[in-house]
Amino acid sequence: MPELPELEVVQEVLNRRIVGQTIAAAELIQPGGAIVVRDLTGVGFSAGLAGARFEAIVRRGKFLVFTLVAAEGAPLWLVVNPKLTGRLQLCAPSAKKAGPVHAVLHLSGGQDLRYVDQKKMGQVFVTRQPPEQAAIADFAGLGPDALAVSRDEFKARLKPFRGEIKGILTRGDFVAGIGNAYADEVLWHARLHPYRKKTSLTVEEVDRLYDGMRACLLDATEKVRAEMGENIHLKPREFLAVHMKGGEPCPRCGATISLIGANQRITNFCRQCQPGGLIKGM
Ligand SMILES: [Zn+2]
């Protein structure tokens, strides 16, 4: 489940490593490729991408947008939404698979860019239309990036939302880039209980939320950069303060970290540092 910090570093590595290279061949691996890849060009994944050259890669929330120039000279985009289980792997063709591979781009420089996904939950779109105009689920409605949004815009965008603050933070139409794991981390940084109702937050607490979000995401991006290196298929998360650390001591106060929920929807927080809120599921 890559989120803003991981995808930010993946984007940096790919810009450094693959921009300027062409796709010698693009291969769909069945049956997963048919589920994961959405060809909006009508030409087909392999035919549409063969000979295309990478121009730039940008991160948009939890999406990666690859801008290419197709063999015949027209612009072409590859949009990756890894969701909970998708990853990219840049490696030698002989390298061990980081998981089930569903699509491979064989690059002119000799390396492969693989799309790996344990549960085939992610999506890879190929389009000749700019991504915001193409039929890419959840893309056009994305809010500003969590690292780019100003304090004033953050406050203004928060106004219409109701409900629990953790749920709001993970909504891409509020700010883009934060998922289940980093919502827990941001709220720990901001010392706010994940189940606090947004309407109960004071002006000072909303400021703390904004500051906590920035501090958390910037710090995490630096740590991911150091730990991931060039291995973009890795997901360094050991350094997180509370997420997936239920039962362990809070790194700030030493109290035991709470765990609520199950599977992909786990919420972790520290009752001592993040007091209040209605506790669900207890
Ligand atoms: Zn604590």
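Just follow the structure's listing: the first ligand is 1, and inside any ligand the first atom is 1. By convention here, the first residue in the shown sequence is residue 1.
Side-chain contact, H106 with D112: a donor N or O sits under 3.5 Å from an acceptor N or O. Judged by distance alone, the side chains of R87 and Q118 never bring a donor and an acceptor atom under 3.5 Å apart. Counting only N and O atoms by type, the side chains of S258 and R271 include a donor and acceptor under 3.5 Å apart.
The cationic atom of R252 (NZ for Lys, CZ for Arg) lies less than 6.0 Å from the six-membered ring centre of W188 and within 45° of the ring axis.
K198 pairs by the salt bridge (charged side-chain N to carboxylate O under 4.0 Å, His left out) definition with nothing, not counting sequence neighbours.
Listed by chain and number, the protein N, O or S atoms at a distance under 2.8 Å from the Zn ion (ligand 1) are C250 SG, C253 SG, C270 SG, C273 SG.
Between K155 and E153, none of the side-chain N atoms (NZ, or NE/NH1/NH2) sits under 4.0 Å from a carboxylate O, so this pair counts as no salt bridge.
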